[in-house]
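First up is the structure itself, then whatever we jot down about it.
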Amino acid sequence: MENDNRRVINGYKIDPIIFKQPFVKSCDICICSGECCYYGVYTDKFEHEKIIEIKERIIKSMDDSQTKNVDLWFEEPQEDTDFESGIAVGTELHNGKCVFLDKQGFCTVQKIAMEDKEFKWKYKPLYCILFPLIIENGVITVDTEHLDRMHYCNKSENQVSTIFETCKEEIEYLVGKDGIKELEEYSKEFSQKQNLEKKVSVE
Ligand code: SF4
Ligand code: SF4
């Protein structure tokens, strides 16, 4: 990871890898089946509590590939300073996928918010919203380790965009409207710098 003089936007340091990491133009569940959800996710304790509060609503929208036994939804909580509360709670796997992933590849936690005409990410854990971005020690960077496991969005022939271009809505959710404008500027500066460096190296 590049480390010195990293720009700070809305309290987060920015790893410029987000501007150059190739990625698909958009997620397509019909192709990938939501495979980034096959491993579960760590939620913040607060997010976990919010999900448990609406458990009956979630159960109503689950299909027969999912478990409706709430006791099987989460792992034991563990200390983790990467999370606001200091406690992370992992989602369990069922049928080889996160307990909240339905057989069509949709996240039930997001699906119910949309069905109920709420904000689509109202209950969705932050790390799920952000993937393939991740916040690591206050730095917005790319979860390359998890991305490397993917068969659709990590294939070079499908990567016609960059994570920054594809994930603007998600980044704006994190850094706000002003933050995304600052990032647009930073992205331009970064590519100009890269082009200049390339030019110098061929001369
Ligand atoms: S990040 Fe990759 S695996 Fe996950 S939904 Fe998007 S395209 Fe599919
Ligand atoms: S909570 Fe939803 S988005 Fe997150 S891993 Fe599970 S199914 Fe995927």
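Every number for a ligand or one of its atoms is a count from 1 in the order of the listing. The shown structure was predicted, so the numbers you read here are calculated from the model rather than taken from an experiment.
The nearest protein atom to atom 2 (Fe) of ligand 2, hydrogens excluded, is given as Cys107 SG, 2.3 Å; this is a heavy-atom distance. Counting only heavy atoms of the protein, atom 6 (Fe) of ligand 2 lies nearest to Cys98 SG, 2.3 Å. Given atom 8 (Fe) of ligand 2, the protein heavy atom at minimum distance is Cys37 SG, 2.3 Å. Atom 4 (Fe) of ligand 1 has Cys36 SG, 2.3 Å as its closest protein atom, hydrogens excluded (heavy atom only).
Counting only N and O atoms by type, the side chains of Gln110 and Lys120 include no donor and acceptor under 3.5 Å apart. With hydrogens and angles left out, the side-chain atoms of Gln21 and Thr162 include no donor and acceptor closer than 3.5 Å. A donor atom on one side chain and an acceptor atom on the other are found under 3.5 Å apart for Asp63 and Ser65. A donor and an acceptor atom, one from each side chain of Ser161 and Thr166, are located under 3.5 Å apart.
Residue side and main chain included, Cys27 places an N/O/S atom under 2.8 Å of atom 6 (Fe) of ligand 1.
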**Request:** Please assess Val99 against Gln66 for the test side chain to side chain contact (heavy atoms under 4.5 Å, CB included), listing each intermediate value before the final yes or no.
**Result:** CA-CA 6 Å; Val99 285; Gln66 297 173 279; over 6 Å; no
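The main-chain N or O of Cys36 is found under 3.5 Å from a side-chain atom of His146 such that the two form a donor-acceptor pair.
Between His48 and Phe74, the ring planes are perpendicular. Angles over 60° get that label, and only those under 30° would be called parallel. Classification of the Phe164-Phe19 ring pair by plane angle, with boundaries at 30° and 60°, yields perpendicular.
Per-residue contacts place Cys153 under 4.0 angstrom from the following atoms of ligand 1 (heavy atoms of the residue considered): 1 (S), 2 (Fe), 3 (S), 7 (S). When each atom of ligand 2 is checked for a heavy atom of Cys128 under 4.0 Å away, the hits are 1 (S), 3 (S), 4 (Fe), 5 (S). The atoms of ligand 1 that sit less than 4.0 Å from any heavy atom of Glu35 are 3 (S). Residue-ligand proximity, Phe131 to ligand 1, at heavy-atom distances under 4.0 Å covers atoms 1 (S). Heavy-atom contacts of Lys124 reach the following atoms of ligand 2: 3 (S) (cutoff under 4.0 Å).
Proximity of Gln110 to ligand 2, defined as any heavy-atom pair under 4.0 Å, is not found for any part of the residue. Contacts with ligand 1 closer than 4.0 Å are made by side-chain heavy atoms of Cys32 only, the backbone lying farther away.
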